[in-house]
Amino acid sequence: MSIAVNKITKVYGIQKALDSVSISINRGEVVGLLGPNGAGKSTLMKILTCFIPPSSGVAQVCGYDIREQSIEVRKKIGYLPENNPLYLDLYVKEFLEFVAGTHQIKKGVRTRVNDMIMLTGLTPEQHKKIGALSKGFRQRVGLAQALIHEPEVLILDEPTSGLDPNQLAEIRSLIKEIGKEKTIMLSTHIMQEVEAVCDRAIIIHNGRIVADDSTGNLQHITRSRNLIRVEFSSPVELQLIRNIKGIKEAFPVSGNTHMIPGKPFQDRPSDSNTWLLESEADRDIRADVFKFAVDKALTVLSLQKEEQKLEEIFQELTKN
């Protein structure tokens, strides 16, 4: 077990940032810690990295207790905080050699630094000052410093915040590559990040764990919906869609997005080519949709079952 947290609570004055949180993460897992701002994600990470103590509860990292054996815990963890503090006046190699020194690495420092530069894709920028690097390369430097002492566990707090799409893809790819050998916990509020990088998602809200499952299974923890996505050859009015036998609700689709279930019918667009249809419980409405299309002289361009997107599940689990 790489990380074991048992009933951790953290209180700031009268505010309870974490409320009896318990999680376990096995060696080699890449786990996303999801939650809205103020949910307690960063607080949990700071406790696991021994920056702050919990108010109550216990936690272990690689078998070491965070209270009694904090030095050993820090040896096992590589940490990239959200603000990624770097010495901007130092050169990349100079900075990584300095970090190696803080970890008391005495042999093979230059080899280790060169290995980290190659692993994190810093080779073209290795002779520059950190202050001259783009944000994407600064994030790579942050990852390199977190990995320099060969930790078993990597904890990343919002590692892709503020990156452009190209930088985002590069850092995600790098995290996935590193995750083949290390246990990784990363916090984010970007759903696509969890889907792209993580094996498992833990959703935290108001200091409590509200979901903990693989990204593929999360749709089963919210209320079940029978959803069908259908695209017609031409726009169809909402009132006609509502007359399809077995329809419970209908949601117009625009591109890859659709309206979140729960919005009143009268507040939705009056027609659309593509609809997300929610059927009554345990009812397959596909035959009814085809019959409707034939009756209205429409062509069905596509028809498929639709699962809830992680973004919708997140919204459902974290709404107040």
Side-chain angles (χ1 to χ4, degrees), residues 2-3 30-34 41-52 61 73-105 109-190 193-194 196-198:
S2 290
I3 297 175
V30 180
V31 176
L33 189 62
L34 284 162
K41 305 186 300 296
S42 292
T43 298
L44 179 58
M45 289 186 159
K46 288 176 181 177
I47 288 173
L48 290 175
T49 52
C50 304
F51 273 78
I52 59 175
V61 176
V73 169
R74 293 171 202 230
K75 290 178 181 178
K76 296 294 183 180
I77 285 181
Y79 180 41
L80 177 62
E82 183 179 4
N83 60 356
N84 189 15
L86 300 169
Y87 291 106
L88 302 184
D89 288 333
L90 294 184
Y91 292 92
V92 172
K93 277 192 171 183
E94 185 182 13
F95 172 71
L96 293 178
E97 288 172 0
F98 166 74
V99 174
T102 65
H103 287 289
Q104 299 181 346
I105 301 172
V109 173
R110 288 193 175 183
T111 299
R112 184 64 185 156
V113 167
N114 289 333
D115 288 345
M116 288 302 97
I117 286 173
M118 185 174 296
L119 174 65
T120 55
L122 282 166
T123 303
E125 311 293 317
Q126 62 181 310
H127 300 297
K128 290 184 180 180
K129 284 188 175 183
I130 294 172
L133 301 179
S134 68
K135 183 161 185 178
F137 277 110
R138 290 187 191 185
Q139 288 296 88
R140 290 172 182 264
V141 175
L143 282 171
Q145 68 82 22
L147 291 164
I148 195 75
H149 58 297
E150 298 185 317
E152 294 181 28
V153 177
L154 200 58
I155 293 184
L156 312 174
D157 196 354
E158 303 282 359
T160 60
S161 176
L163 301 184
D164 67 35
N166 291 333
Q167 294 169 337
L168 196 67
E170 291 168 357
I171 295 298
R172 285 177 181 172
S173 177
L174 178 56
I175 291 171
K176 286 187 72 173
E177 186 65 28
I178 295 169
K180 293 177 181 179
E181 298 181 356
K182 300 186 183 297
T183 302
I184 298 179
M185 173 190 278
L186 66 90
S187 78
T188 182
H189 55 268
I190 303 171
E193 187 137 293
V194 174
V197 175
C198 300

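Count residues from 1 along the sequence.
- Judged as a side-chain hydrogen bond (donor to acceptor under 3.5 Å, both in side chains), and not counting sequence neighbours, Gln167 has no contacts.
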Run the side chain to side chain contact (heavy atoms under 4.5 Å, CB included) check on Thr183 and Leu154 step by step: do they pass? CA-CA 6 Å; Thr183 302; Leu154 200 58; over 6 Å; no
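- Listed for the Gln145 side chain is a donor-acceptor partner under 3.5 Å among the backbone atoms of Gly142.
- A pairwise comparison of heavy atoms in Tyr87 and Ile130 identifies O-CD1, 3.5 Å as the closest pair.
- Note that CG of Asp164 is 8.0 Å distant from CD of Glu170, once rounded to the nearest 0.5 Å.
- Between Thr188 and Glu158, some side-chain heavy-atom pair lies under the 4.5 Å cut-off.
- Nearest heavy-atom pair, Glu82 versus Ser42, reported as atom, atom and distance to 0.1 Å: OE1-OG, 4.4 Å.
- Between Asp157 and Ser187, the closest heavy-atom pair is OD1-OG, 2.5 Å.
- The side-chain heavy atoms of Arg138 and Leu133, taken from C-beta on, include a pair separated by under 4.5 Å.
- To the nearest 0.5 Å, atoms CG (Leu122) and CG (Asn114) are separated by 11.5 Å.
- Between Arg112 and Ile148, some side-chain heavy-atom pair lies under the 4.5 Å cut-off.
- Residue Leu90 holds its CG atom at 10.0 Å from CG of Leu96, rounded to the nearest 0.5 Å.
- Counting heavy atoms from C-beta on, the side chains of Cys198 and Val30 come closer than 4.5 Å.
- Two residues are said to be in side-chain contact when any heavy atoms from C-beta on lie closer than 4.5 Å; Glu193 and Pro159 meet this criterion.
- With contacts defined as side-chain heavy-atom distances shorter than 4.5 Å, the pair Val141/Asn84 does not qualify.
- A donor-acceptor pair under 3.5 Å is absent between the side-chain atoms of His127 and the main chain of Tyr91, judged by distance alone.
- Scanning for side chain to side chain contact (heavy atoms under 4.5 Å, CB included) contacts around Asn83 gives Pro81, Pro85, with sequence neighbours left out.
- When all heavy atoms of Thr160 and Gln139 are compared, the closest pair comes out as N-NE2, 4.2 Å.
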Just do the side chain to side chain contact (heavy atoms under 4.5 Å, CB included) check on Leu143 and Leu156 with the steps written out, would you? CA-CA 9 Å; Leu143 282 171; Leu156 312 174; 3.7 Å; yes
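- With rounding to the nearest 0.5 angstrom, the CD1 atom of Ile171 is 5.0 Å from the CZ atom of Arg140.
- Of all heavy-atom pairs between Met118 and Thr123, the closest is CA-OG1, 4.0 Å.
- Atom CG in Leu174 sits 8.0 Å away from atom CG in Leu147 (nearest 0.5 Å).
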Kindly indicate, with the supporting measurements, whether the criterion side chain to side chain contact (heavy atoms under 4.5 Å, CB included) is fulfilled by Val73 and Lys76. CA-CA 5 Å; Val73 169; Lys76 296 294 183 180; 5.9 Å; no
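- A 4.5 Å side-chain heavy-atom check between Ile105 and His149 finds at least one atom pair inside the cut-off.
- Heavy-atom contacts from other residues, nucleotides or ligands closer than 6.0 Å to CD of Glu181 number 12 or fewer.
- Counting heavy-atom neighbours within 6.0 Å of Lys182 NZ, excluding the residue itself, gives a total above 12.
- In this structure, CD on Glu125 lies 11.0 Å from OG1 on Thr120, to the nearest 0.5 angstrom.
- Shown here for Pro151 and Ala146, the closest heavy-atom pair between the two residues is CG-O, 3.3 Å.
- Looking at heavy atoms from C-beta onward, Lys46 lies out of side-chain contact with Thr43 at the 4.5 angstrom threshold.
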